[in-house]
Amino acid sequence: MPKNLVIVESPAKARTIEKILGKDFIVKSCNGHIRDLSKKDLSIDIENNFQPIYELLSDKKSVIQDLQKGAKAAEKVWLATDEDREGEAISWHLLEALKLKEEKTERITFHEITKTAILHAIENPRRINRELVNAQQARRVLDRIVGYELSPLLWKKVKPGLSAGRVQSVAVRLIVERENEIKHFQTESAFRITATFFSKEKNEKSLKAELNHRYKEKTEAVKFIKECIGKDFQVLNVETKPSFKSPPPPFTTSSLQQEAGRKLGFPVSKTMVVAQQLYETGKITYMRTDSVNLSSMAISACKKEIESMFGKEYSQVRKYTGKIKGAQEAHEAIRPTYMNAHQIEGTRDQQNLYELIWKRTIASQMSNAKLEKTVIDISSPVKPYLFQAKGEVILFEGFLKVYYESLEEDELQEDGNILPQVFKDDILDYNEIVATQKFSQPPFRYAETSLVRKLEELGIGRPSTYAPIISTIQKRDYVIKDSKKGVVREFDVISLTGRSVEEKIQTENVGAEKNKLFPTDLGIIVTDFLSEHFVGIMDYHFTAGVEKQFDEIAAGELIWTDMIGAFYKDFHPQISKTDIESKKFIGERLLGKDPETGLNVFVKVGKYGPIIQIGDTGSDVKPKFASLLKHQSIHDITLEEALPLFNFPISLGNHDSQEVIVSIGPYGPYVKYQGKFYQIPANLNPLKLTMNEALEIIANKQKGSESSIIKEFDGDKDLSIRKGKWGPYIKYKNENFKIPKGNSPEELSIEDCKQMIESARLNPPKKRTFKKK
DNA sequence: CAGTGAGCGAGCTTCCGCTTGACTT
């Protein structure tokens, strides 16, 4: 029996370390936190100086039992959880929950999983850092108080089941405010003047240049263009400057999510799932980290790869240090475990993500790209303005040989082009000079990844929570991921070729956005409510402020219960005050009077979402209600748009002597035909649905269910092989059966299927236990 | 899964940050 038990946070890590330490050590994983405040109630004894009341996590029972057994048998227990605030707390909870004796317990930490680092850690154990643990308790208790006092207030004032918290409420606020900026954005336009010049003598390729001034008015632009007719243009100056580009640092959770989003089109959650798979199969280091640091081993491995692939001049050893404030760097950056594995076996997604990580890691240890930037100034007929041509030439690729960092939409810049050679005082002629009307752009809506980036910038949330935050705010209906079609906009173009000036109107499609986060009516209302009554919590810098205090607690300069006490003293009375003084906060708005009945018409957010209401609440006649359609908002819907919602259900008439009905149900708009329901796609307006469209929806659905059939059998009409959410399965009458792995569904015979059904019946799958939601 | 929303009131919902299961129709 091994004398030593080492406890780490993750099983994959445990396996690796066990190999390193050898037979005297057994290494087990606690799988993260094992104890927490009870979910049922606040579980903080306010009267008793905010003492937290912890309980063991129910889903960790078997883990804890196993650890307890191991600890009993061992002579020494080594707590080797992560070296950050949460990790320290996990060690402390282990100490308490497993009832470990302090004298036979050691706390060790290491930054990289190598033999040297781990042996060094074993030789230098320490005690649990109580101050750091207290900083974690303060974090935990603060989040609980905020979440569990704000949420019930929302249930009462807005709608049951809602939630609020230090992180999620600010995330929603970012999206709501961005939407407001877009709504109030004043578009301005100006005329951008571009020209293509050529040298009469040299007959080289043409030179594109832009005037360093934009004219606000069309008349001014036209006047300028006319001034150019027949003029010569002189090269005033040619300036060439060397320049360089450095590679981006290795991946953190957040930067990986962004790049995988932009380059591979992965949503945040998918990136994490695939990265987890790579981690578990030992291909990459840990995927939840905010560190850009690489181990010395990784750095030398990179160097070796780069030098053998590209040569010495491409290698440049770099040490990256985190710049994010408050980052708790318990892990390395995300990198391949073995730099010499350029590709891996696995699914397409795994290979793509791995390749991205490999390239980014390699690039981070490569030399700068060397560039030459050239600016050519060319005279214009109107002083003091001049035309400028900008070019960029890559002299030495450096890291660009393997990796280009993609840019956010708002960072997109025009690439410098390659310029023909011209000299000072050269005289140029023009091919064309064009004035194009350009419109200023409103800010972009957040996508999942850009929201994560913003949260990280503000120090809000942690690598392990970025993906859950995104899903929580959508699950609560505060935010929806959606796409928006652009609108066509006209713009003026005035062009000069030879001596003729031509004016045209062209069109462009603007404002189209894909997979962006839009606030819902509910999200807007909850944000307004919280911003009005809880300015402090909703402040974008609230988290940064409390993080600073957590650091002080960790440094022993502040007592954690004092910090929480000071916070609670202001926060709790604000909850009570709002509870008493604030009325229902559901965005109710009077639209006008119903022309038929003369009754008041309102919109508001109801128990099941945004609704329109005819008649006053509490009057003798029971009011009538109807749901708003998707894309309608209580904030701007008009009486004329709202009233037709009461027309449902709408009969479209008969088809094959059966009635076709359109209506709105709890799951959205639908067509009902022959007792069956068919969902109406979001791009069709249910109010204006035609019989033909309805029949098409029905036909599509029926085709869809047919196309899920992989194979049918003439011998048995009840039997079919179908494609399902979890892969192919056998359908027999109304029952479904799993196909054991390793069979190709197309080749199964009736007998094969019957046999599988037989064996499935003999070994029924365990009932899935659903977690209470 | 499919046409809810008054009022009454029981009993329910909720936070953030660590981790990985179990394995479906």
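By convention in this document, chain letters (A, B, ...) are assigned in the order of the sequence lines, proteins followed by strands, and residues within each chain are numbered from 1. In what follows, every heavy atom counts, from backbone to side chain, and hydrogens, waters and symmetry copies are set aside.
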So, for A:P463 and A:T253, which heavy atoms are closest and what is the spacing to 0.1 Å? CB-OG1, 3.4 Å
Are A:T465 and B:dC16 close enough that a side-chain N or O sits under 4.0 Å from OP1 or OP2? no
Ignoring backbone atoms, establish whether A:Y286 has a side-chain N or O less than 4.0 Å from OP1 or OP2 of B:dT19. yes
In the structure I gave you, are the side-chain heavy atoms of A:Y466 and A:S254 within less than 4.5 Å of one another anywhere? yes
Between A:K13 (NZ) and B:dC18 (P), how many Å, whole number? 13 Å
How is A:A89 classified with respect to the nucleic acid when contacts are heavy atoms under 4.0 Å: base, sugar-phosphate, or nothing? nothing
Heavy atoms under 4.0 Å, any strand shown: does A:K624 hit a base, just sugar-phosphate, or nothing? nothing
Residues in salt bridge (charged side-chain N to carboxylate O under 4.0 Å, His left out) with A:D66, at least two apart? A:K28
Look at all strands and tell whether A:R288 reaches a base, only sugar-phosphate, or nothing, counting heavy atoms closer than 4.0 Å. base
Can you figure out which of B:dC16, B:dT13, B:dG5 approaches the side chain of A:Y608 most closely? B:dG5
Touch check for A:P11, heavy atoms < 4.0 angstrom, all strands: base, sugar-phosphate only, or nothing? sugar-phosphate
Considering every strand and a 4.0 Å limit on heavy-atom distances, what is the contact class for A:K159: base, sugar-phosphate, or nothing? nothing
Return no unless some side-chain N or O of A:Q613 is found under 4.0 Å from OP1 or OP2 of B:dG5. no
Taking the side chain of A:Y148 as heavy atoms from C-beta outward, which of B:dT20, B:dG5, B:dC15 is closest to it? B:dC15
Going by salt bridge (charged side-chain N to carboxylate O under 4.0 Å, His left out), name the residues that satisfy it together with A:K676, two or more places apart in sequence or in a different chain. none
For A:W155 and B:dT14, are the ring centres under 5.5 Å apart with planes inclined under 30°? no
side-chain N/O A:R476 vs B:dC15 OP1/OP2, d < 4.0 Å: yes
Which part of the nucleic acid, if any, lies within reach of A:I661 when heavy atoms closer than 4.0 Å are counted: base, sugar-phosphate only, or nothing? base
When you measure from the side-chain N and O atoms of A:Q136 to the phosphate of B:dG17, is any distance below 4.0 Å, counting only OP1 and OP2? no
Pairing pattern in dot-bracket form [Watson-Crick, G-U; both distances under 3.5 Å; | = partner strand] for DNA chain B: .........................
Specify whether A:H93 and A:Y54 have parallel, tilted or perpendicular ring planes, treating 30° as the upper limit for parallel and 60° as the lower limit for perpendicular. perpendicular
Hey, does the side chain of A:S163 come within less than 4.0 Å of B:dC15's phosphate (OP1/OP2), counting only N and O? yes
Picking from B:dT20, B:dT14, B:dA2, which would you name as closest to the side chain of A:Q168? B:dT14
Check whether any side-chain nitrogen or oxygen of A:T617 sits under 4.0 Å from OP1 or OP2 of B:dA6, and answer yes or no. no
Rounding to a whole Å, what distance do you find between A:E280:CD and B:dT19:P? 12 Å
Any N/O donor-acceptor pair, A:R140 side-chain to B:dC15 base, under 3.5 Å: yes
Rounded to whole Å, the CZ-C1' distance (A:R139 to B:dC15) equals 9 Å
Rounded to the nearest Å, what distance is computed from the OH atom of residue A:Y466 to the P atom of nucleotide B:dC18? 10 Å
Please determine if a side-chain N or O atom of A:S10 lies less than 4.0 Å away from the OP1 or OP2 oxygen of B:dT20. yes
Indicate the atoms forming the closest heavy-atom contact of A:L629 with A:P686, along with that distance. CD2-CG, 3.7 Å
Identify whether any heavy atom of A:S29 sits under 4.0 Å from a base atom; if not, whether one sits that close to sugar-phosphate; answer base, sugar-phosphate or nothing. nothing
Any donor-acceptor N/O pair under 3.5 Å between B:dC18 base and A:R462 side chain: no
First encountered from the 5' end of DNA chain B, between A:S151 and A:F677: A:F677
Using a strict 4.0 Å threshold on nitrogen-to-oxygen distance, state whether A:R462 and A:E86 make a salt bridge. no
Write down the distance between CG (A:D84) and P (B:dG17), rounded to a whole number of angstrom. 12 Å
Looking only at side-chain N and O atoms, does A:R144 come under 4.0 Å of OP1 or OP2 in B:dG17? no
Atom-to-atom span, CG of A:L628 to P of B:dT4 - whole angstrom: 16 Å
To the side chain of A:V167, which of B:dT20, B:dG5, B:dG17 is closest? B:dG17
Between C1' on B:dC15 and CG on A:L162, what's the gap in Å once rounded to a whole number? 14 Å
Closest nucleotide among B:dC16, B:dC18, B:dG5 to the A:H33 side chain: B:dC18
For A:G609 and for A:Q679, find the nucleotide of DNA chain B with the closest heavy atom, then tell me which residue's nucleotide is more 5'. A:Q679
Residue set satisfying side chain to side chain donor-acceptor pair (under 3.5 Å) with A:K454, at least two apart, ordered chain then number -> none
Which listed nucleotide (B:dC16, B:dT19, B:dT14) is nearest to the side chain of A:K60? B:dT19
Would you indicate which nucleotide in B:dC16, B:dC18, B:dT4 comes nearest to any side-chain atom of A:I90? B:dC18
A:L42 CG to B:dT13 C1': how many Å, rounded? 15 Å
Using every non-hydrogen atom in the two residues, find where A:F529 and A:S582 come nearest and quote the distance to one decimal. CE1-OG, 3.6 Å
Students often get this wrong, so: under 4.0 angstrom with heavy atoms, is A:G161 touching a base, only sugar-phosphate, or nothing? base
Contact class for A:G668 (heavy atom, under 4.0 Å): base, sugar-phosphate, or nothing? base
Restricting to side chain to side chain donor-acceptor pair (under 3.5 Å), what partner residues turn up for A:D36, sequence neighbours left out? A:R140
List in chain and number order the residues that pass side chain to side chain donor-acceptor pair (under 3.5 Å) with A:W78, two or more places apart in sequence or in another chain; answer none if no residue qualifies. A:N4
Looking only at side-chain N and O atoms, does A:R15 come under 4.0 Å of OP1 or OP2 in B:dT20? no
